[in-house]
Chemist: 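After the structure tokens below, expect a handful of questions from me.
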Amino acid sequence: MVADNIRVRYAPSPTGLPHIGNIRTALFNWLFARHYGGKFIVRIEDTDRERLVPGAVEGILEGLEWLGIDWDEGPRVGGDYGSYYQSERLPLYREAADKLIGQGDAYRCYCTRERLDQLRVEQGRNKQALGYDRCCRSLTPEQQRALESEGAPSVVRFAMPDSGVTQLHDLIRDDVEWQNELVDDFILIKSDGFPTYHLAVVTDDHLMQISHVLRAEEWLPSAPRHLQLYRALGYTPPQHGHLPMILGPDRAKLSKRHGATSIMEYRDEGYLPDALRNFMVLLGWSLDDKTEVMPLTTMREGFTLERVGKPAAIFDREKLSWMNGVYIRAMDAGALADAMLPYLERDLPPELLPVDRDYLLRIVPLVQERLKLLAESAEMTAYFFAAQPEYDPANLVQRGATQEETLAALNRAAESLATADFTAPVMEELLRADGEALGLTPRRFFGTLRWAVTGRNVSPPLFETMEVLGRERVAPRLQTAIDRLSQVRSGD
RNA sequence: GGCGCAUUCGUCUAGCGGCCCAGGACACCGCCCUCUCAAGGCGGAGAUCAGGGGUUCGAAUCCCCUAUGCGCUACCA
């Protein structure tokens with residue numbers, strides 16, 4: 001492929017925040033451009049006045065940036081083919097539509113929505129193909145003048161050829177063809193003067209010299225329309241590649257019911273952008289027969305359409321979480337501490353803030369291989385920050401042990417630790433000896449201590465945890481445990 | 001209903017005529033490691049390659065039919 005001619009685009013409509021499927025399309029386009037040294041363009045398709053969501057454009061751009069997807073032309077950066085907002089390109093679409101009307105390839109349609117609705121109902125009842133019946137195509141000039149003078153609102157429709165076939169050589173799906181007579185006369189310009197997607201996308205892709213259109217498979221049915229538009233307008237169509245869709249676990253198109261819907265919710269839950277990107281690239285593409293976790297450079301070097309698959313992929317959160325854990329484990333302590341900080345600030349009780357970064361740096365090695373989501377940070381480390389973790393004293397008494405034994409164990413440990421060097425190896429040696437002297441298995445003895453020190457039944461290794469906590473935190477917690485357990489009536 | 005696309009372990013996938021009685025990964029199960037939980041190591045189970053016809057010496061791979069799933073069928077993209 002000729003590198004410097006490659007121009008691809010991501011063309012979101014600002015009707016909400018991008019979801020996984022959406023952004024995966026952006027990713028593929030971006031990787032394709034970067035692989036061949038081409039240009040990646042972002043174009044905002046804001047032609048639907050009613051569904052416009054304020055702030056959506058910012059959200060979309062923020063999502064791209066978060067994932068490390070940069071663009072060569074588009075909002076914020078500009079470019080030679082602007083504007084990159086379709087709402088600012090209206091005259092261009094009007095011009096194209098006028099040209100088509102002049103050539104007889106498009107016509108004004110005065111049908112009311114009521115008539116259209118009724119038409120659909122009838123077609124449905126008669127089990128006919130749904131679609132516009134081309135009623136206004138045969139309007140005489142007189143009839144049209146009459147309607148215009150009445151001030152009847154109108155749209156512009158494309159006059160599809162009523163015979164022949166339209167063929168597409170799709171880069172991913174090979175040859176697909178449609179009978180022209182089965183494609184209805186779709187709308188080019190809406191009655192509010194704005195173009196529909198079809199007209200705008202064809203006009204802009206041509207004007208912006210887009211070489212490859214890579215979009216989701218849901219667009220495949222509109223390909224014959226676009227191809228006919230290119231033909232009628234005298235443009236050379238770009239190459240097309242329809243990417244596999246991404247489905248939810250129920251095999252349906254991704255939606256809110258499937259949990260996190262926008263890319264930003266994944267950030268909030270603590271997924272790393274690198275992990276999410278790595279996971280997404282695997283939905284419909286593979287590097288080879290085994291590589292799954294790979295750096296960005298590898299993705300970029302290996303990304304070709306030849307390795308993009310055809311079947312739709314089901315989005316599996318379990319695997320995403322696993323991969324997030326892989327990325328977390330690969331981080332160095334400083335990077336992970338910095339990554340955790342915002343989540344701790346968000347989720348820790350306010351009185352425990354601010355978090356001391358140096359202290360956090362010492363905690364990180366203990367939780368790193370246990371973290372799957374950054375949003376678990378606070379829950380997983382809270383006892384490092386709290387003065388005294390809360391728990392039910394009954395938990396101190398391990399299964400099969402008595403209250404007396406437990407109290408004796410706690411006292412003995414407190415005593416040993418009172419003068420001990422507070423390092424993990426030293427404490428381990430001391431406490432193991434204590435355990436033996438007390439006749440307690442490590443599991444029981446350390447289980448009790450774990451509750452006393454962390455207020456939980458699971459934690460990172462006890463001695464390392466105590467070392468990080470330090471004597472000033474551990475000693476009072478042991479004393480608290482002793483006090484509380486003494487107050488519990490034996491046999492309760 | 002019409003049109004289109006798709007169909008390999010539960011899921012993501014490798015496979016582009018013989019290397020495949022189908023490989024990797026997630027999840028699952030067992031064992032090891034072990035103070036708990038993870039992580040890690042080892043092993044296991046899991047796909048008659050949707051079904052049926054062809055083509056071929058030979059098919060998961062090519063062709064046809066059927067079934068199923070999904071998408072589109074808006075003055076939304």
Side-chain angles (χ1 to χ4, degrees), chain A residues 11-15 45-48 50-51 109 111-113 116-117 120 123-131 153-157 170 172-173 176-179 182-184 186-198 200-201 215-224 242 244-245 247 249 251-253 279 282-293 306-307 309-323 325-326 329 366-372 380 428 431-432 435 441-451 454 456-463:
Chain A
S13 71
T15 52
E45 310 224 320
D46 54 352
T47 55
D48 185 346
E50 284 162 29
R51 296 203 309 153
C109 168
C111 292
T112 61
R113 287 175 206 255
L116 262 19
D117 288 343
R120 265 189 291 274
Q123 287 169 331
R125 197 183 302 133
N126 300 333
K127 301 197 183 244
Q128 289 173 284
L130 268 31
S154 65
V155 299
V156 176
R157 281 183 189 272
D170 192 271
I172 292 163
R173 271 147 234 285
V176 187
E177 58 177 54
W178 295 265
Q179 295 290 325
L182 297 175
V183 180
D184 76 343
F186 56 99
I187 292 173
L188 259 16
I189 303 270
K190 298 179 260 189
S191 56
D192 64 0
F194 277 73
T196 56
Y197 170 79
H198 306 298
V201 83
R215 64 199 350 168
E217 194 200 327
E218 59 191 296
W219 293 109
L220 194 53
S222 58
H242 287 90
M245 307 245 306
L247 276 19
R251 306 198 131 271
K253 221 170 152 178
F279 176 75
L282 261 14
L283 260 23
W285 174 83
S286 62
L287 177 70
D288 54 32
D289 58 341
K290 46 196 54 154
T291 313
E292 301 209 305
V293 177
E306 205 175 36
R307 296 203 63 81
K310 293 187 230 258
I314 292 172
F315 177 77
D316 178 18
R317 248 169 190 285
E318 295 259 29
K319 190 159 183 175
L320 203 211
S321 295
W322 162 77
M323 190 168 281
V326 170
R329 273 171 252 137
L366 299 182
V367 298
Q368 184 155 22
E369 65 192 26
R370 295 169 173 77
L371 262 186
K372 272 207 162 60
M380 196 170 279
E428 175 158 12
L431 293 173
R432 278 194 188 280
T441 59
R443 189 185 180 92
R444 275 195 200 155
F445 188 30
F446 301 154
T448 294
L449 295 180
R450 170 169 286 109
W451 270 106
T454 69
R456 332 187 21 158
N457 61 341
V458 304
S459 82
L462 224 210
F463 312 109

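Chain letters run A, B, ... following the sequence lines, proteins first, then strands; residues in each count from 1.
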Chemist: Can you tell me how far C1' of B:G24 sits from CE of A:Met323, to the nearest Å?
Modeler: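 It is 12 Å, rounded to the nearest whole Å.
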Chemist: Do A:Arg450 and A:Pro461 have side chains that get closer than 4.5 Å, going by heavy atoms?
Modeler: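 No, their side chains stay 4.5 Å or more apart.
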Chemist: Any chance you could list the contact pattern along nucleotides 69-77 of chain B? Use B for base contacts, S for sugar-phosphate-only contacts and - for none, protein heavy atoms under 4.0 Å, 5' to 3'.
Modeler: SSBSSSBBB
Chemist: Let's see if you can work this out: which of B:U7, B:A14, B:A25 has an atom nearest to the side-chain heavy atoms of A:Pro311?
Modeler: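 So the side chain of A:Pro311 is nearest to B:U7.
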Chemist: Would a distance-only check, ignoring hydrogens and angles, find a side-chain to backbone donor-acceptor pair under 3.5 Å from A:Thr15 to A:Arg51?
Modeler: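 Checking the backbone N and O of A:Arg51 against the side chain of A:Thr15, no donor-acceptor pair under 3.5 Å is found.
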Chemist: Within the structure, does a side-chain N or O atom of A:Ser459 lie under 4.0 Å from either OP1 or OP2 of B:C37?
Modeler: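 No, A:Ser459 has no side-chain N/O under 4.0 Å of OP1/OP2 on B:C37.
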Chemist: Keeping A:Lys190 on the side-chain end and A:Thr47 on the backbone end, is there a donor-acceptor pair under 3.5 Å?
Modeler: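 Checked: pair present.
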Chemist: Under a 3.5 Å cut-off for both contacts, is B:C31 paired Watson-Crick or G-U wobble with anything, and if yes, with which nucleotide?
Modeler: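 Paired with B:C31, as far as the under-3.5 Å criterion goes, is B:G41.
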Chemist: When only distance counts, do a donor and an acceptor, one from the side chain of A:Glu292 and one from the base of B:G24, lie under 3.5 Å apart?
Modeler: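 Side chain to base: pair present.
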Chemist: Taking only the P atom of each, what is the distance from B:U61 to B:C16 in whole angstrom?
Modeler: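 12 Å, rounded to whole Å.
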Chemist: Please report the shortest heavy-atom distance between A:Ala313 and A:Leu283, naming the atom on each side.
Modeler: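 Taking A:Ala313 first and A:Leu283 second, the nearest heavy atoms are CB-CG, 4.1 Å.
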Chemist: Does B:U55 have a Watson-Crick or wobble mate here (both distances under 3.5 Å), and if so which one?
Modeler: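 Paired with no nucleotide.
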Chemist: Quick check: does any side chain N or O of A:Asp170 sit under 3.5 Å from a backbone N or O of A:His242, one acting as donor and the other as acceptor?
Modeler: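 The answer is yes, because a donor-acceptor pair under 3.5 Å joins these two groups.
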Chemist: Would you say a side-chain N or O of A:Lys319 is under 4.0 Å from OP1 or OP2 of B:U13?
Modeler: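 No.
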Chemist: In whole angstrom, give me the gap between the C1' atoms of B:U13 and B:A6.
Modeler: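 It works out to 16 Å between them.
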Chemist: Rounding to a whole Å, what distance do you find between A:Leu282:CG and B:G24:C1'?
Modeler: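 My rounded result for the distance is 11 Å.
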Chemist: With sequence neighbours left out, write down each residue that passes salt bridge (Lys or Arg N to Asp or Glu O under 4.0 Å) with A:Asp117, or none if nothing qualifies.
Modeler: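 Scan of A:Asp117 (salt bridge (Lys or Arg N to Asp or Glu O under 4.0 Å), adjacent residues dropped) gives A:Arg120.
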Chemist: Between N or O atoms, less than 3.5 Å apart, protein on one side and nucleotides 44-46 of chain B on the other: list the pairs.
Modeler:
none

Chemist: Please evaluate the base of B:C5 for a donor-acceptor partner in the side chain of A:Arg173 within a cut-off of under 3.5 Å?
Modeler: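 Donor-acceptor pair under 3.5 Å: no.
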Chemist: Output the rounded distance in Å from CZ (A:Phe446) to C1' (B:C35).
Modeler: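 Interatomic distance, CZ of A:Phe446 to C1' of B:C35: 6 Å.
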Chemist: If you assign A:Arg307 and A:Trp178 each to the RNA chain B nucleotide with the nearest heavy atom, which residue ends up on the more 5' nucleotide?
Modeler: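 Its nucleotide being nearer the 5' end, the pick is A:Trp178.
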Chemist: Within this structure, what is the CD-to-P distance between A:Gln179 and B:G4, rounded to whole angstrom?
Modeler: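 Rounding to the nearest Å, CD of A:Gln179 and P of B:G4 are 8 Å apart.
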Chemist: Give A:Leu220 one of three labels, base, sugar-phosphate or nothing, depending on what nucleic acid heavy atoms sit under 4.0 Å from its own.
Modeler: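 Since only primed, P, OP1 and OP2 atoms lie under 4.0 Å of A:Leu220, the category is sugar-phosphate.
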Chemist: Just N and O in the side chain of A:Arg443: are any of them under 4.0 Å from OP1 or OP2 of B:U36?
Modeler: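 Answer yes for this pair, as a side-chain N or O of A:Arg443 is under 4.0 Å from OP1 or OP2.
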Chemist: Now, which nucleotide makes the Watson-Crick or G-U wobble pair with B:C72, with each of the two distances under 3.5 Å?
Modeler: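 Result: B:G2.
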Chemist: With under 30° as parallel and over 60° as perpendicular, where do the rings of A:Phe315 and A:Phe279 fit, or are they tilted in between?
Modeler: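 Rings of A:Phe315 and A:Phe279: perpendicular, as their planes differ by over 60°.
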Chemist: Could you tell me which nucleotide pairs with B:A47 by Watson-Crick or G-U wobble geometry, both distances under 3.5 Å, or answer none if nothing does?
Modeler: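 By the stated definition (distances under 3.5 Å), nothing pairs with B:A47.
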Chemist: Looking at the side chain of A:Arg329, which of B:A39, B:U13, B:C35 is the nearest nucleotide?
Modeler: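 Selected nucleotide: B:A39.
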Chemist: Only pairs with both distances under 3.5 Å count, Watson-Crick or wobble alike; so what is the partner of B:U11 in this structure?
Modeler: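 B:A25 is the nucleotide pairing with B:U11.
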Chemist: Taking the side chain from A:Ser222 and the backbone from A:Trp219, do they hold a donor-acceptor pair closer than 3.5 Å?
Modeler: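 Confirmed, A:Ser222 side chain pairs with A:Trp219 backbone.
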Chemist: Counting distance only, does the side-chain N/O of A:Arg370 pair as donor-acceptor with the main-chain N or O of A:Leu366 below 3.5 Å?
Modeler: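 Judged by distance alone, yes, a pair lies under 3.5 Å.
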Chemist: Is the shortest distance from a Lys or Arg side-chain nitrogen in A:Asp316 or A:Lys319 to a carboxylate oxygen in the other one below 4.0 Å?
Modeler: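 Salt bridge absent between A:Asp316 and A:Lys319.
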Chemist: Of A:Ser286 and A:Leu320, whose closest RNA chain B nucleotide lies nearer the 5' terminus?
Modeler: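 Looking at the nearest nucleotide for each, A:Ser286 comes out on the 5' side.
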